[in-house]
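Chain letters run A, B, ... following the sequence lines, proteins first and then strands; every chain starts at 1. All values below come from the heavy atoms of this structure, side chains included, with hydrogens, waters and symmetry mates left out.
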Amino acid sequence: MEIKGIKEGILVTLEEQEWQDAKDALIGKIKEKGDFFKGAQLVFDVGNMVLGANELGEVCDLLMAHDVILHGVISKSLVTQKVAKEMGLVTKVEKPRLNSEQKLKPLETVFTGEPAIFIHRTLRSGFKVAYQGHVIVLGDVNPGAEIIATGSVVVWGRLRGTVHAGAEGDQAAVVCALDLSPTQLRIASKITTTPQEQVESKPEIASIVDGQIIAEPWKH
Amino acid sequence: MNGRVVTITSGKGGVGKTTTTANLGLALASLGQNVVCIDTDIGLRNLDVVMGLENRIVYDLVDAVEGNCRLTQAMIRDRRYANLHLIPAAQTRDKSAIAPSDMVRLCNELRPEVDWVIIDSPAGIERGFRNALAPADEVLVITNPEVSSVRDADRIIGLVEADEKAPAKLVINRINPGMVKRGDMLSASDVVDLLAIPLIGIVPEDESVLVSTNHGQPVVLNDKSKAGTAFLNIARRLMGEDVPLMVLDEKEGLLMRLGKLFSGGS
């Protein structure tokens, strides 16, 4: 015999056997548990057992004597269902979901992303952007300008000022720009400068690799 | 008349703000415009010297603002052009003697009387610069083709943009075509590339600027000077004329013209 709490009350799944035995087992259980069943609403799951009005009426009375109410009967037998309905009992309950089903979330296809600010202008010398999150600039970052972000920094333009990504220690932060030539580039606690020699400007992305800041050309 | 107020500024000192102010003032006056130049570099006045008007100063900008004299009394008439005036800075006071609102009020008073008010800003980004910027309808940012001056120009342009009133245009002063050619000096296009604002003039380096400054005779009065011509061209562009940029390198210019001639003929 299986006993489970459900929305409607207590679901008791009775083993398929002679009704008399099942009934005795049930009453025995109620007596044994005493207070647990007091005032409870019961729903029986009787499986394939075929029960008539007599059987159900009897068990109803027996339960009543123990201060327990019969609320419903779930059965695979159409006869039992019909009888139960005629007695005003419910024949369906919301079955509690299996645990494995609960854990299975729908596949997530909408990204909520992370906080970032978008700056659509050129940052000139003396201007500063500080942000808890990522920073995206559409425009140039001129020498003397400064960007500080706890996340990553993306510059769609020339980056020639000072930039600090992962300012609170995020080693995974990156800095990328169409022309990555910052006066000084910091990621987390690492720091680097741009080599003096003039190279052809190309999109690059800088990140920490093996404890060092490395700038690599952007590959699709 | 509804005069336009043009502020000449640079951030860095010594790049040619005062020279530009004096030359633009004279150039506009020579083109028949009514012009008032104002020196806002209170405590470090220069414009009067460059314009050769030092010995005529009785009242100055601070006197006019404080009401010690009428505005017209502080306006010194130029020796060469009767339609050019200078309001000199006070030499014995400092920048805090006037406020940006004083400059706005003063320029509003001048606008109906003149075609142009040219304001010479002091170096720096503090009070004096704010005074000069406040009344501006247009800002000319002067820079030299040299990194620190370009850096300061960038800062100034940022501040002008933040002010959201007047558009900034660029004057590149003291460019040396020979040095640019050898790769020893930033080219005009390098500078424009970085600063990304419209270019209104390129002035070549020219010894006659220094000579004429010392004599209080702005170089624009000298027909033979390339720098003088460049300033005159800027004045004409301010007036809305479409004047092409000068060919600075004579040899290259000639070669290019020859090249064009040949390619045109073939």
Side-chain angles (χ1 to χ4, degrees), chain A residues 117-131 135-149 153-164 175-186 191-204 206 215, chain B residues 9-13 15 121-130 133 139-172 180-187 189-199:
Chain A
I117 45 164
F118 176 64
I119 296 153
H120 189 174
R121 67 177 301 161
T122 287
L123 293 178
R124 296 187 182 274
S125 177
F127 285 75
K128 179 175 174 176
V129 174
Y131 187 67
V135 173
I136 298 146
V137 179
L138 175 49
D140 293 344
V141 178
N142 286 353
E146 197 175 330
I147 296 176
I148 298 170
V153 176
V154 178
V155 177
W156 188 267
R158 291 175 294 204
L159 172 49
R160 294 177 179 179
T162 295
V163 61
H164 192 174
V175 176
C176 47
L178 294 185
D179 177 1
L180 187 72
S181 322
T183 311
Q184 201 182 83
L185 192 156
R186 301 179 214 137
I191 186 162
T192 188
T193 56
T194 305
Q196 280 296 317
E197 66 258 32
Q198 292 266 325
V199 282
E200 200 188 327
S201 67
K202 54 187 180 298
E204 286 185 293
Chain B
T9 187
S10 70
K12 194 173 183 297
V15 298
S121 161
I125 54 174
E126 294 83 15
R127 179 68 168 266
F129 163 69
R130 304 293 295 273
L133 180 64
V139 178
L140 298 194
V141 176
I142 317 295
T143 188
N144 293 156
E146 170 259 336
V147 284
S148 62
S149 135
V150 171
R151 183 75 61 90
D152 286 1
D154 188 48
R155 177 80 167 120
I156 285 289
I157 294 163
L159 292 171
V160 172
E161 283 174 352
D163 194 48
E164 285 182 347
K165 280 203 318 244
K169 287 178 181 162
L170 186 66
V171 175
I172 303 174
V180 172
K181 214 174 171 185
R182 291 197 299 274
D184 294 334
M185 184 182 265
L186 293 172
S187 72
S189 69
D190 290 337
V191 177
V192 172
D193 206 31
L194 181 77
L195 296 178
I197 60 167
L199 180 68

Asker: So with a 6.0 Å cut-off around CZ of B:Arg130, is the heavy-atom count from everything else above 12?
Answerer: no

Asker: Does any non-hydrogen side-chain atom of B:Arg155 lie less than 4.5 Å from one of A:Arg124?
Answerer: no

Asker: Does the side chain of B:Leu194 come within less than 4.5 Å of A:Pro143's, by heavy atoms?
Answerer: yes

Asker: Would B:Asp154 and A:Arg160 pass as an ion pair if we require N to O under 4.0 Å?
Answerer: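 Salt bridge between B:Asp154 and A:Arg160, a charged N being under 4.0 Å from a carboxylate O: no.
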
Asker: Could you state the interatomic distance from CG (B:Leu195) to CG (A:Asp140), rounded to the nearest 0.5 Å?
Answerer: 10.5 Å

Asker: What closest approach, in Å, do B:Gly158 and A:Phe127 show between heavy atoms, and which atom pair accounts for it?
Answerer: O-CZ, 3.3 Å

